[in-house]
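Heads up, the thing below is written out as structure tokens.
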Amino acid sequence: MSKILNIISSPRGEASNSIKLANAIIERLKEQDPGAAVKTHNLATQPFPHLEEAHLNAFFTPVEQHTDANKAAIRHSNEAIQEIMDADVLVIGAPMYNFGISSVLKSWFDHIARAGITFKYTANGPEGLVTGKKAYVAVATGGVYSSGDAVAYDFVVPYIKTMLGFIGITDVTIVRAEGFAVADLQGAALDKAIDSIVL
Ligand SMILES: Cc1cc2nc3c(=O)[nH]c(=O)nc-3n(C[C@H](O)[C@H](O)[C@H](O)COP(=O)(O)O)c2cc1C
């Protein structure tokens, strides 16, 4: 029985294309493994703060020296990392905002990238410590970025793949729902994306 962690980063609830696509991916995973357990973390309703001095102080102070203030500042980061460590599969929903990811998803990445815990520096460069996991990323965009002139403007997929790879999650499948702002494409965009899901 696998454990799926669903990370939501759209604030649009039932109207959200990335949420609908992520749900379709989860449905397919559950067809394969009916006993799979799904834990959802909605970053729109349970956001992480932008990194402040208190977070950085806590990140870079050895655990055995943590003050109560350090412990309070680092608690959410520790919980977010534990959610990932507990999961076998991550399903991340990612709307494109201004060519990049939403700020709530960026804050989540800022809280889960922790030296010595999710990655470490070695003589050969950085090494991810979150191994043995699979990730699916449900990307929703108004334009089309899988081919054509706008490919170079997509900072969502390269960024997410880089960050997941940096912490050790290298088995990443991207599923794109695209063209929601293009009259000829918007009607079929979600169905086309759902049809393209390959587990
Ligand atoms: C604030 C904002 C910024 C957006 N920026 C872009 C963009 O740069 N490029 C693009 O193709 N679509 C952009 N869109 C369109 C969204 O990516 C599209 O509506 C997508 O479906 C949003 O995901 P969601 O439905 O899961 O919320 C933007 C939408 C919003 C609300």
Side-chain angles (χ1 to χ4, degrees), residues 3-31 36-51 76 80 83-84 87 89-113 133-167 169 171-199:
K3 292 183 188 165
I4 300 169
L5 175 63
N6 178 27
I7 299 293
I8 289 173
S9 65
S10 168
R12 299 202 311 127
E14 289 181 3
S16 158
N17 297 309
S18 61
I19 292 176
K20 288 179 195 164
L21 182 56
N23 285 342
I25 294 169
I26 292 166
E27 262 178 48
R28 291 281 303 278
L29 289 169
K30 289 188 82 169
E31 280 166 21
V38 182
K39 177 167 189 183
T40 299
H41 190 131
N42 186 335
L43 300 174
T45 55
Q46 297 169 272
F48 287 84
H50 290 160
L51 290 184
H76 295 293
E83 283 182 340
I84 296 171
V89 180
L90 274 68
V91 179
I92 301 171
M96 175 183 277
Y97 281 176
N98 302 313
F99 305 107
I101 58 172
S102 62
S103 59
V104 291
L105 188 57
K106 176 63 165 63
S107 284
W108 180 73
F109 276 120
D110 287 341
H111 282 266
I112 65 167
K133 303 193 190 291
K134 162 92 193 163
Y136 296 88
V137 185
V139 181
T141 59
V144 173
Y145 299 86
S146 58
S147 62
D149 294 344
V151 167
Y153 297 99
D154 173 18
F155 297 94
V156 174
V157 171
Y159 180 75
I160 291 177
K161 283 180 97 167
T162 299
M163 282 306 299
L164 291 175
F166 183 67
I167 64 169
I169 303 175
D171 186 355
V172 179
T173 296
I174 304 293
V175 187
R176 289 178 185 269
E178 55 184 357
F180 292 103
V182 181
D184 290 351
L185 302 179
Q186 57 195 186
L190 187 63
D191 286 343
K192 195 175 165 198
I194 291 172
D195 286 347
S196 78
I197 297 169
V198 178
L199 297 187

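Atoms within a ligand are numbered from 1 in the order they appear, just like the ligands themselves.
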Minimum heavy-atom distance between Ser10 and Ala44, given as atom pair plus value: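 Scanning both residues completely, I find the closest heavy atoms to be O-CB, 3.6 Å.
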
Atom pairs and distances, ligand 1 N/O vs protein N/O under 3.5 Å:
unit_1: ligand 1; atom_1: 5 (N); unit_2: Asn98; atom_2: N; d: 2.8
unit_1: ligand 1; atom_1: 8 (O); unit_2: Asn98; atom_2: N; d: 3.2
unit_1: ligand 1; atom_1: 8 (O); unit_2: Phe99; atom_2: N; d: 2.9
unit_1: ligand 1; atom_1: 9 (N); unit_2: Tyr145; atom_2: OH; d: 3.0
unit_1: ligand 1; atom_1: 11 (O); unit_2: Gly142; atom_2: N; d: 3.1
unit_1: ligand 1; atom_1: 11 (O); unit_2: Gly143; atom_2: N; d: 2.7
unit_1: ligand 1; atom_1: 11 (O); unit_2: Tyr145; atom_2: OH; d: 2.7
unit_1: ligand 1; atom_1: 12 (N); unit_2: Gly142; atom_2: N; d: 3.1
unit_1: ligand 1; atom_1: 14 (N); unit_2: Met96; atom_2: O; d: 3.4
unit_1: ligand 1; atom_1: 17 (O); unit_2: Met96; atom_2: O; d: 2.7
unit_1: ligand 1; atom_1: 17 (O); unit_2: Ala140; atom_2: O; d: 3.3
unit_1: ligand 1; atom_1: 21 (O); unit_2: Asn17; atom_2: ND2; d: 3.0
unit_1: ligand 1; atom_1: 25 (O); unit_2: Arg12; atom_2: NE; d: 3.4
unit_1: ligand 1; atom_1: 25 (O); unit_2: Arg12; atom_2: NH2; d: 2.7
unit_1: ligand 1; atom_1: 25 (O); unit_2: Asn17; atom_2: N; d: 2.8
unit_1: ligand 1; atom_1: 25 (O); unit_2: Asn17; atom_2: ND2; d: 3.4
unit_1: ligand 1; atom_1: 26 (O); unit_2: Ser16; atom_2: OG; d: 2.6
unit_1: ligand 1; atom_1: 26 (O); unit_2: Asn17; atom_2: N; d: 3.4
unit_1: ligand 1; atom_1: 26 (O); unit_2: Ser18; atom_2: N; d: 2.9
unit_1: ligand 1; atom_1: 26 (O); unit_2: Ser18; atom_2: OG; d: 2.6
unit_1: ligand 1; atom_1: 27 (O); unit_2: Ser10; atom_2: OG; d: 2.7
unit_1: ligand 1; atom_1: 27 (O); unit_2: Arg12; atom_2: NE; d: 3.0

Pair Asp154 + Arg176, salt bridge at N-O below 4.0 Å: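 Yes.
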
side-chain hydrogen bond (donor to acceptor under 3.5 Å, both in side chains) involving His76 - partner list, sequence neighbours excluded: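 Checked His76 against side-chain hydrogen bond (donor to acceptor under 3.5 Å, both in side chains); zero matches.
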
Plane angle bin for Phe48 and His111 - parallel if under 30°, tilted between 30 and 60°, otherwise perpendicular: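 His111 vs Phe48 ring planes: tilted.
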
Axial cation check for Tyr159 ring with Lys161, 6.0 Å and 45° limits: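 That pair does not qualify as a cation-pi contact.
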
Interatomic distance, Ile25 atom CD1 to Ile4 atom CD1 [nearest 0.5 angstrom]: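 The distance works out to 10.5 Å.
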
